[in-house]
Amino acid sequence: MKRFEYARPGSPSDAVRRFRPGTMYLGGGTNLVDLMRLGVAEPDQLVDVSRLPLDVIEPVGDRLRVGAAVRNTDLAADPLVRTRYPMLARAVLAGASGQVRNMATVAGNLLQRTRCAYFQDVSRPCNKRRPGSGCPAIEGDHGNLAVLGASGACVATHPSDMAVALAALDAEVHVTGQGGDRIIPMPGLHRLPGDEPERDTVLEPGDLITAVELPAPPPGASAYRKVRERASFAFALVSIAASLDVGSDGVVSDCRIALGSVAHVPWRATRAERLLIGGPATGAAFLEAAEAELEQARPLPRNAYKLPLARNLIVATLEELAP
C-alpha cells in the first residue's frame, strides 16, 4: 500500500479546506480501504470525515434528514426509517453483511465505486482506472454487468442497494464544496459512463456529502426486492425499489420504480412510470410498462438473461403491491 498523509478535520468546512489534488475522503472505509490494498486507489492524503458531527437522523417537517456519517446499520434500524420508508430499510439490510453495515456510512455507500472485476485487477486494462486503456469486460466476463445506459468505454454496474431505494424516493443529496453548498437530486448524483467512465458522479473535486434528505414518503405500498446468486453478501443480479398507489377505481395514481445492477447508475424506470400512472393496475399493464422500459436495453452476449429477469421482477413486485 502506498504511503499517505492522514488528517482528521474538525468540521465539514475544515475537511473541504484540507482537500487538494490526491486527497480522498475516508468514511467507513469498507470500499476505499479495499481498493487501497489492491493498489487501485493510491491517495496522497486521507481526510477522515467519519467522526464529523454528521451522524444524526432527524425529522424536518414532513421530511427526514439523514447525516452523511450515519452507519448503515443505524439507518436500517431507525424507527422513523422503518415506519415511513420501509423500502429504504429493506434495501440497506439487503446490502453486504452485518459487519460491513456496522462500519459503512450513508455517504460512503452512495460513493462506492461503480466497478467490475477488471477494475479491481491492476494487471488488466480498465478505462475507469486508466482512461483510454480499454474495457476488457465487453469481450470478457460481463455476465453481471450493464444492460442499460452503458457505453463502449464501460459496462460496469453500480453496486449500492441503498442508492436504488433513494433514487425511487426522490432523495436529495446535500453537498458542501469549494464553491459553497448545493443540493443534488436523486437520480442525478450518479452519471452514465459516456466517454468519461472514470467519473462515477457529478461531484466536483473537494465536494463533501453532508446529508441525504428524504421527502415525504410516497403514497401507497412499497417494496425492495433483490435477486442474487446467494442469500447474503452478494451484489444483485437485478434489484428493484418500487412504490405503487392505486385508487378505489383501480387506477394507478402514483408509481415509483428504480432498478439496480442493470446500469452504471441506479436506474429510474421513467418510461414504465409514465405508462402506468393514470392506467389500470393490472398484470397486463405492468408487463407492458416493463417491456417498454427494457426496449432501450443493449445487452451483451452473456448478460441478456437480465432482461427477462428484470421484466419478471417488475411485474411480480407491482402485482404484490397492487391492492
Side-chain angles (χ1 to χ4, degrees), residues 1-55 67-73 95-97 99-133 154 156 158-160 162-163 173-181 184 189-191 193 196-212 235 264:
M1 184 184 293
K2 175 184 171 182
R3 293 177 66 88
F4 57 87
E5 296 178 14
Y6 174 85
R8 186 181 293 175
S11 66
S13 59
D14 185 26
V16 172
R17 182 183 59 80
R18 291 172 182 265
F19 191 92
R20 62 176 189 262
T23 295
M24 290 185 174
Y25 293 129
L26 175 68
T30 57
N31 184 213
L32 176 57
V33 173
D34 281 347
L35 296 180
M36 291 172 65
R37 287 172 175 158
L38 292 169
V40 176
E42 296 184 312
D44 297 319
Q45 176 186 221
L46 287 183
V47 174
D48 186 349
V49 297
S50 65
R51 293 172 175 83
L52 293 179
L54 302 173
D55 58 351
V70 170
R71 305 290 174 168
N72 287 6
T73 295
S97 65
Q99 294 90 335
V100 172
R101 293 195 297 269
N102 288 342
M103 289 295 297
T105 62
V106 168
N109 185 287
L110 288 176
L111 296 180
Q112 61 183 300
R113 294 304 306 269
T114 302
R115 59 197 186 270
C116 73
Y118 297 101
F119 172 73
Q120 301 187 133
D121 183 354
V122 295
S123 70
R124 303 296 297 273
C126 172
N127 286 323
K128 292 185 72 64
R129 280 189 287 103
R130 297 194 307 273
S133 62
C154 185
H158 195 274
S160 172
M162 178 194 298
V173 180
H174 291 244
V175 175
T176 187
Q178 296 172 356
D181 298 338
I184 302 173
L189 173 66
H190 304 93
R191 60 182 299 279
E196 292 182 294
E198 68 276 15
R199 295 183 58 214
D200 289 343
T201 72
V202 299
L203 296 179
E204 298 295 334
D207 280 350
L208 176 68
I209 294 176
T210 57
V212 173
F235 291 150
H264 212 76

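It should be emphasised that the depicted structure is a prediction, and the values quoted were computed from it without experimental measurement.
- For the residue pair P12 and T210, the shortest heavy atom distance occurs at CB-CG2, 4.2 Å.
- Separating the OG atom in S160 from the NE2 atom in H190 is a distance of 6.5 Å, to the nearest 0.5 Å.
- For R191 and D200, the salt-bridge test fails: no basic side-chain N is under 4.0 Å from an acidic carboxylate O.
- In terms of heavy atoms, G206 sits closest to V16 at O-CG2, 3.7 Å.
- Side-chain atoms of R17 never come within 3.5 Å of backbone atoms of A15 as a donor-acceptor pair (strictly under, hydrogens ignored).
- Listed for the N109 side chain is no donor-acceptor partner under 3.5 Å among the backbone atoms of V106.
- A donor-acceptor contact shorter than 3.5 Å links the side chain of S133 to the backbone of C126.
- One distance of note links CZ of R3 with CD of E42; it measures 14.0 Å at 0.5 Å rounding.
- The nearest pair of heavy atoms linking P9 to D14 is CA-OD2, 3.2 Å.
- Within the structure, the ring-ring contact (aromatic ring centres under 6.0 Å, His included) test picks out no pair touching residues 100-130 (sequence neighbours left out).
- Judged by distance alone, with hydrogens and angles left aside, the side-chain atoms of Q45 form a donor-acceptor pair with the main-chain N or O of R18 at under 3.5 Å.
- Not less than 6.0 angstrom separates the ring centroid of H158 from the ring centroid of H264.
- Under 4.0 Å is where a charged nitrogen must lie from a carboxylate oxygen, and between K2 and D44 at least one such pair does.
- To the nearest 0.5 angstrom, L208 atom CG is 7.0 Å from T176 atom OG1.
- For D121 (side chain) and A117 (main-chain N/O), no donor-acceptor pair under 3.5 Å exists by modelled atom type.
- For the pair Y25 (side chain) and G108 (backbone), a donor-acceptor distance under 3.5 Å is absent.
- E196 has no carboxylate O lying under 4.0 Å from a charged side-chain N of K128, or vice versa, which leaves the two without a salt bridge.
- Note that CG of L26 and CG of L46 are 5.5 Å apart. Values are rounded to the nearest 0.5 Å.
- Between atom CG of residue L35 and atom CD of residue Q112 there is a gap of 10.0 Å, rounded to the nearest 0.5 Å.
- Scanning both residues, S50 and A69, for their nearest heavy atoms gives O-CB, 4.0 Å.
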Is there a salt bridge (charged side-chain N to carboxylate O under 4.0 Å, His left out) between R71 and D55? Walk through the geometry before answering.
CA-CA 8 Å; R71 305 290 174 168; D55 58 351; over 6 Å; no
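- What you find for M162 and N72 is that their closest heavy atoms are CE-OD1, 3.3 Å.
- To the nearest 0.5 Å, the span separating CD1 on I209 from CG on L203 amounts to 5.5 Å.
- Across all their heavy atoms, A96 and R101 have their closest contact at O-NH1, 3.8 Å.
- Counting only heavy atoms from C-beta outward, the side chains of V175 and I184 approach each other to under 4.5 Å.
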Checking side chain to side chain contact (heavy atoms under 4.5 Å, CB included) for the pair L189/L110: CA distance, chi angles, key distance, verdict?
CA-CA 9 Å; L189 173 66; L110 288 176; 4.2 Å; yes
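- Proximity of a side-chain donor or acceptor of R129 to a complementary backbone N or O of R124 within less than 3.5 Å is detected.
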